[in-house]
Number of protein chains: 2
Amino acid sequence: MIFGWDSIRREVLRRIGQREWPPGMLIPTEQDLATEFGVARATVNRALRELALAGVLERKRRAGTRVALLPVRKATLDIPVIRQEVEARGHAHSFRLLTHEAREAPVPVTSRLGLPEGALLLWIETLHLADGQPFAFETRWLNPAILPDPGPDFTQISVNEWLVAHVSYTLGDISFCAARASAREAKVLGVTLGEALFITERSTWAGPAPITLVRLAHGPGYRMQALV
Amino acid sequence: MIFGWDSIRREVLRRIGQREWPPGMLIPTEQDLATEFGVARATVNRALRELALAGVLERKRRAGTRVALLPVRKATLDIPVIRQEVEARGHAHSFRLLTHEAREAPVPVTSRLGLPEGALLLWIETLHLADGQPFAFETRWLNPAILPDPGPDFTQISVNEWLVAHVSYTLGDISFCAARASAREAKVLGVTLGEALFITERSTWAGPAPITLVRLAHGPGYRMQALV
DNA sequence: CGCGCGAATATGTGCAGACATATTAACCCC
DNA sequence: GGGGTTAATATGTCTGCACATATTCGCGCG
């Protein structure tokens, strides 16, 4: 029975799935569907808008709505704070601050963050542990301009959590890749040299001001999951 | 100036970013904001709904809307068809079908797909090339029940594209990890043994019926990107 | 035949009002 | 004071209408 925009969404999805509406087909207009289902056009609009957002439909003004030919599947993945991620797996989270010093950032870093060459940034290395076992090795360039004076005690609160609580970052990008463990990474994470690591790299910005550039190396066994 | 729900969204985001509304704070009701901005409540609702979806706000009926304390950042990543991915990088896509045979699927596969033990599935190995260079090594278990008779010629069209065009999968999951290249993977991809590979694993379903289980191994240099 | 311009049209968004629903706050009774 | 019931309230969604906007179609003109 049709009840609410979500049942319309599901019904449309069903028709697409059963090939009543094959890929590329122009589907009825919002008004027609509204009449068919006995609801207002706004309700149909809501359903179709969600499906377009999910990549199932393609919509254009005047041209109408059609079933996507090559539906670019979109996956949304949550990027939790490491503490939550560890605790969600039923482990106790702890961390060790390995390095915390001002350093002249190399050019790739300054250029990526839009800072002048040779800028002094904080270089911070943190090892995250799950039940005392190495979980992830975090290396970070942090823009000191955003810190209060005196700075927070990063041996007590992890940089990650301090940032989440004190800086509202609004934009950023994230990328993932695989890399072999360097000597240092192998030692810190307690894996063999050359082991395959899952790398997450993020840069975050508060408007135009760069905040931080993080690289997170996860040891073998780590798996990132998302629903499609 | 306030003009459209998106400017309300941005204004709310600005207030959060400037700490006018710090994390955890209860923000004004939709009605109050509607009055303040001089718009209808539905317009404010649209803006706040998007922000809640993005993880910036937390909303509860009767309890109101508050700024998320630990904003779970959500990244959406597009999962394109490999051909598109290769062509988007300015390369020519081609592929070679390496293996295509019926096999008794091992238990982990059948259990993951919800099939009886010892079920006969198609085992398909495909190497994807970008400008003739190995790009990704695809290994796949495919449920033959979904194929027409006679089956499509997978030397002409890649399994991936045939599925996209002929089967509307509705659900699935996707996960990513890093792994070292096995002897076969190293040989096929032309990398050294033990190289770090970026692995994508997907299972897809058409309603209750399992379709396929794919593992995609990308060589070094591959990077998956998403906007936050 | 080609080109440009205006009309037609499907979606995008807006408004005002209404009811549904989850959750909290207040209250009453013991 | 404690516990359970009731009322209040903010969000969730719907309706019906209206206008904005991007495209496309078709017509007329050179």
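This structure is a prediction, so every number in the text was calculated from the model and none was measured.
- Rounded to whole Å, the distance from CZ on R49(A) to P on dG12(C) is 8 Å.
- Aromatic pair F198(B)/F198(A): centroids less than 6.0 angstrom apart.
- Checking dT11(C), dT13(D), dA10(D) against the side-chain heavy atoms of R41(A) singles out dT11(C) as nearest.
- The CG-P distance, from L26(A) to dT24(D), rounds to 12 Å in whole Å.
- Among the nucleotides dC15(C), dC14(D), dT11(C), the one closest to the side chain of E30(A) is dT11(C).
- The environment of R96(B) atom CZ is sparse: at most 12 non-hydrogen atoms of other residues, nucleotides or ligands sit within 6.0 angstrom.
- Ion pairing between a basic and an acidic side chain is recognised when a charged N comes within 4.0 Å of a carboxylate O; E36(A) and R41(A) show no such pairing.
- Not one side-chain nitrogen or oxygen of N45(B) sits closer than 4.0 Å to the OP1 or OP2 atom of dT13(D).
- The phosphate of dC15(C) has OP1 or OP2 within less than 4.0 Å of a side-chain N or O from T43(B).
- Residues T155(A) and D153(A) bring a donor and an acceptor atom of their side chains to less than 3.5 Å of each other.
- DNA chain D lies under 4.0 Å from at least one heavy atom of each of the following residues of residues 52-68 of chain B: R59(B), K60(B), R61(B), R62(B), G64(B), T65(B).
- Nucleotides of DNA chain C nearest to W5(B) and T29(A) differ in position, and the one nearer the 5' end is that of T29(A).
- Ring geometry for H128(B) versus F95(B): interplanar angle of 30 to 60°, hence tilted.
- Taking atom CZ of residue R9(B) and atom P of nucleotide dG14(C), one finds them 12 Å apart after rounding to whole Å.
- Computed from coordinates, the Q31(A) CD to dT15(D) P distance equals 12 Å when rounded to whole Å.
- Counting non-hydrogen atoms under 4.0 angstrom, A42(B) reaches nothing in the nucleic acid.
- Under the 4.0 Å criterion applied to side-chain N and carboxylate O atoms, R140(B) and E125(B) are not assigned as salt-bridge partners.
- For the pair F3(A) CZ and dT13(D) P, the interatomic distance rounds to 12 Å; values are reported in whole Å.
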